[in-house]
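A short worksheet on the structure shown next.
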Amino acid sequence: MQTGVLKYPEWFSPLTSNSSFEDFQRHFHGIARFANVCAEPCVEKVPEFLAATQSPVSEGCHTSVEGEPCNEAVTWSMQMDFVDNPLAYTRWNLTESSSFEDFQRRLHSIDSELCPNPCVARE
């Protein structure tokens with residue numbers, strides 16, 4: 001919790017080193033390949049920022065590739081809209097150093113039909 005999120009923040013977005021154990025457990029439960037290993041935590045209230053980014057486990061993940069509508073939307077968000085409106089993205093913790101997957105995850109939370117939940121970014 002304290003090391004990985006600092007070393008690989010894009011893997012854990014929107015979590016931070018201040019997130020609770022339950023937040024990390026919920027995050028891993030929401031990833032299809034860990035869902036059977038990591039149970040949903042027994043916390044009644046899901047933090048608002050996590051609830052907006054969670055998707056059903058059955059969806060799995062798919063990082064959009066060139067030629068897909070989601071890829072075009074993510075690329076536009078990163079290269080055009082973010083450049084013109086960077087302050088609009090701060091409420092989602094997106095910065096100029098945010099990954100493609102971070103932007104796709106945000107678009108997925110807005111329109112899951114346009115963008116699937118992205119896979120965790122790897123180096």
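Note that the coordinates shown come from a computational prediction; the quantities given were computed from them, not determined experimentally. Starting from 1, each residue takes its place in the sequence as its number.
- Between the OG atom of S98 and the CZ atom of R106 there is a distance of 12.5 Å, given to the nearest 0.5 Å.
- Across all non-hydrogen atoms, the minimal contact from F100 to V74 is CE1-CG1, 3.2 Å.
- Rounding to the nearest 0.5 angstrom, the gap separating the CE atom in M78 from the CG atom in D102 is 8.0 Å.
- With hydrogens and angles ignored, the 3.5 Å screen pairs no side-chain donor or acceptor of T90 with any backbone N or O of N93.
- Without hydrogens or angle criteria, Q104 side chain to H62 main chain gives a donor-acceptor distance under 3.5 Å.
- The side-chain heavy atoms of C70 and P116, taken from C-beta on, include a pair separated by under 4.5 Å.
- Within the 3.5 Å criterion, the main-chain N or O of L114 finds a donor-acceptor partner in the side chain of D111.
- Within the 4.5 Å cutoff, side-chain heavy atoms of L107 are placed close to those of S77.
- A donor-acceptor pair under 3.5 Å links the side-chain atoms of E68 to the main chain of V65, judged by distance alone.
- In this structure a side-chain-to-backbone donor-acceptor pair under 3.5 Å is missing from T63 to P118.
- Ring orientation note: the planes of F103 and Y89 are tilted relative to one another, at an angle of 30° to 60°.
- Although no hydrogens or angles enter the test, the distance criterion places no donor-acceptor pair under 3.5 Å between the side chain of S112 and the main chain of H108.
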